[in-house]
Amino acid sequence: MSTHLPPTQLSAPSSAATVADTASAAPGDISRRAPSAPAPVTLPATGALHGAVIDWFDEHARDLPWRRPDAGAWSVMVSEFMLQQTPVNRVLPVHAEWLERWPRPADLAKESPGEAVRAWGRLGYPRRALRLHAAATAIAQQHGGEVPREHTELLALPGIGEYTAAAVVSFAYGRRHIVLDTNVRRVFARLVTGVEYPPNATTAAERRVALALLPGDEDTAARWAAATMELGALVCTARSPQCGSCPLAARCAWRLAGSPAHQGPPRRGQTYAGTDRQVRGRLLAILRASHTPVARAVLDTAWAEDEQRSRALDGLITDGLVEQLPDDSFRLPA
DNA sequence: GATGCGTGGTT
DNA sequence: TAACCAAGCAT
């Protein structure tokens with residue numbers, strides 16, 4: 001892997017038109033803020049930065065199936081859906097199963113959505129399975145069976161948002177695009193802004209920083225995107241960052257400021273026990289396990305409280321994860 | 001912009 | 001051991 005680097009690029013290059021800065025002021029917007037001047041950020045010299053991170057990546061990157069040279073765009077896309085809020089180790093076996101069973105989008109599109117939900121297993125957030133199935137159907141019908149190459153086309157597919165579209169563009173097609181997931185955002189928050197954690201939602205300021213740091217060369221940019229993400233996943237972690245092993249420790253604004261603790265309200269408390277989500281999970285687990293329709297009385301065993309159980313089941317039906325049959329039995333969608 | 005949406009491992 | 005955390009998306 002070459003460590004040759006493109007010229008330092010501190011301002012957004014002209015090709016930045018491909019990068020959505022959706023939070024920038026609309027043309028006609030006369031806002032309080034001066035129209036031309038975003039808050040200045042002190043950026044590190046990017047050339048050396050790229051080299052440090054990419055060299056680290058060359059040595060420490062995990063060998064993941066969707067990163068191998070023979071992995072196609074579909075493999076990358078499936079992995080990105082599964083990795084939305086689910087750790088790598090739990091994704092690995094399911095991803096392998098899916099790619100073997102459905103090697104192309106059209107193969108998945110031929111199945112019922114319920115089969116996708118069943119094969120999703122216990123990855124969590126099963127609506128992702130439904131959306132991935134719907135996205136595969138759209139690809140088969142409207143894109144000639146090929147995963148789209150354009151960010152805007154990907155964004156139009158169900159289950160694909162700003163991050164996933166960027167990930168496919170960058171990882172699958174090697175194109176130059178900012179990629180802002182929770183790992184990259186945390187790395188940049190610490191490296192550039194000097195705070196422990198990024199804001200809860202991605203901001204225009206973060207997109208500006210990401211664009212300013214993005215290498216100009218296409219191949220280097222794609223490598224950089226994967227490398228910064230991996231650094232966040234393995235070293236610059238949320239809880240216990242391994243700054244002693246970090247190639248950026250000497251340049252890290254947060255580190256240089258003495259690693260100040262996070263200011264402001266707690267991140268977010270998501271309790272699970274007793275929520276509708278837990279009930280939905282139990283109901284769906286019963287339905288996944290059965291290849292024949294399940295009587296209502298069987299689902300009743302999943303949760304004692306009638307009202308909550310009923311609400312959860314209704315929600316699953318509304319979401320298209322469950323079908324109700326005329327005889328008041330239930331199954332995954334055909 | 002705040003919520004809801006699964007599941008299981010780590011601290 | 002509760003709480004936190006994990007490559008977000010849609011509404």
Side-chain angles (χ1 to χ4, degrees), chain A residues 22-23 57 61-62 64-67 75-95 117 120-132 134-135 154-172 177-188 196-204 225-234 236-241 262 265-288 302-303 308 311-312 314-316 318-322:
Chain A
T22 53
F57 187 59
R62 291 167 292 180
L64 301 173
W66 45 88
R67 277 187 188 155
S75 175
V76 172
M77 181 172 152
V78 171
S79 80
E80 291 301 336
F81 268 77
M82 292 180 171
L83 288 164
Q84 292 169 4
Q85 302 283 277
T86 302
V88 167
N89 286 337
R90 278 205 284 147
V91 164
L92 284 168
V94 184
H95 177 269
V117 172
W120 196 254
R122 305 187 68 79
L123 290 181
Y125 292 145
R127 291 190 295 196
R128 291 180 292 166
L130 227 42
R131 290 171 181 154
L132 181 48
L154 289 159
L155 210 46
L157 296 172
I160 295 192
E162 177 182 347
Y163 161 73
T164 302
V168 171
V169 165
S170 183
F171 304 153
H177 204 290
I178 61 168
V179 177
L180 281 176
D181 80 319
T182 187
N183 290 306
V184 178
R185 295 179 60 224
R186 188 173 54 247
V187 169
F188 290 171
E196 188 176 16
Y197 298 117
N200 285 324
T202 305
T203 63
T228 48
M229 188 173 310
E230 190 77 336
L231 187 66
L234 298 183
C236 193
T237 54
R239 208 74 86 79
S240 307
H262 177 67
R267 311 285 285 162
R268 67 165 175 272
Q270 52 166 3
T271 49
Y272 179 64
T275 61
D276 286 5
R277 274 148 84 175
Q278 183 180 22
V279 184
R280 287 167 59 110
R282 287 198 184 181
L283 292 170
L284 215 50
I286 292 174
L287 294 170
R288 273 197 311 264
W303 198 259
Q308 191 178 19
R311 183 171 65 238
D314 285 349
L316 288 169
T318 299
D319 289 349
L321 284 162
V322 172

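All of these numbers come straight from a predicted model, not from anything done at the bench. Naming convention: chains lettered A, B, ... in sequence-line order (proteins, then strands); numbering from 1 in each chain.
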[X] and [Y]: which non-hydrogen atoms are nearest, and at how many Å?
X: A/Pro126; Y: A/Leu284; value: CG-CD2, 3.3 Å
X: A/Pro199; Y: A/Arg185; value: O-NH2, 2.5 Å
X: A/Glu80; Y: A/Ala167; value: CD-CB, 3.6 Å

Does a distance-only test, which skips hydrogens and angles, find a donor-acceptor pair under 3.5 Å between the side chain of [X] and the base of [N]?
X: A/Arg90; N: B/dT7; value: yes
X: A/Arg239; N: C/dC5; value: no
X: A/Thr86; N: B/dG8; value: no

In terms of side-chain heavy atoms of [X], which of [options] is nearest?
X: A/Asn183; options: C/dA7, C/dC9, C/dC5; value: C/dA7
X: A/Arg186; options: C/dA7, B/dG6, C/dC9; value: C/dA7
X: A/Ala238; options: C/dC9, C/dC5, C/dA7; value: C/dC5

request  = With the side chain counted from C-beta on, respond yes when A/Trp66 and A/Leu92 share a heavy-atom pair under 4.5 Å apart, and no when they do not.
outcome  =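 Result yes, sub-4.5 Å side-chain heavy-atom pair found.
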
query = Of all residues at least two apart in sequence or in a different chain, which pass the salt bridge (Lys or Arg N to Asp or Glu O under 4.0 Å) check with A/Glu196?
reply =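 Salt bridge (Lys or Arg N to Asp or Glu O under 4.0 Å) list for A/Glu196, sorted by chain: empty.
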
inquiry  = What is the distance, to the nearest angstrom, from the CZ atom on A/Arg127 to the P atom on B/dG6?
reply    =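 Atom CZ in A/Arg127 sits about 6 Å away from atom P in B/dG6.
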
ask   = Using a cut-off of 4.0 Å on non-hydrogen atoms, how would the nucleic acid contact of A/Arg288 be classed: base, sugar-phosphate, or nothing?
value =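 Sugar-phosphate only.
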
task = Quick one: list whatever passes side chain to side chain donor-acceptor pair (under 3.5 Å) with A/Arg311, sequence neighbours left out.
result =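 For A/Arg311, the residues satisfying side chain to side chain donor-acceptor pair (under 3.5 Å) (neighbours in sequence not counted) are A/Asp276.
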
inquiry  = Which is more 5' along DNA chain C, the nucleotide nearest A/Arg67 or the one nearest A/Arg131? Just name the residue.
reply    =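 First, find each residue's nearest nucleotide; the 5'-ward one identifies A/Arg67.
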
ask   = Heavy-atom contacts under 4.0 Å between residues 225-233 of chain A and DNA chain C, which residues?
value =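 Residues of residues 225-233 of chain A under 4.0 Å from DNA chain C: A/Met229.
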
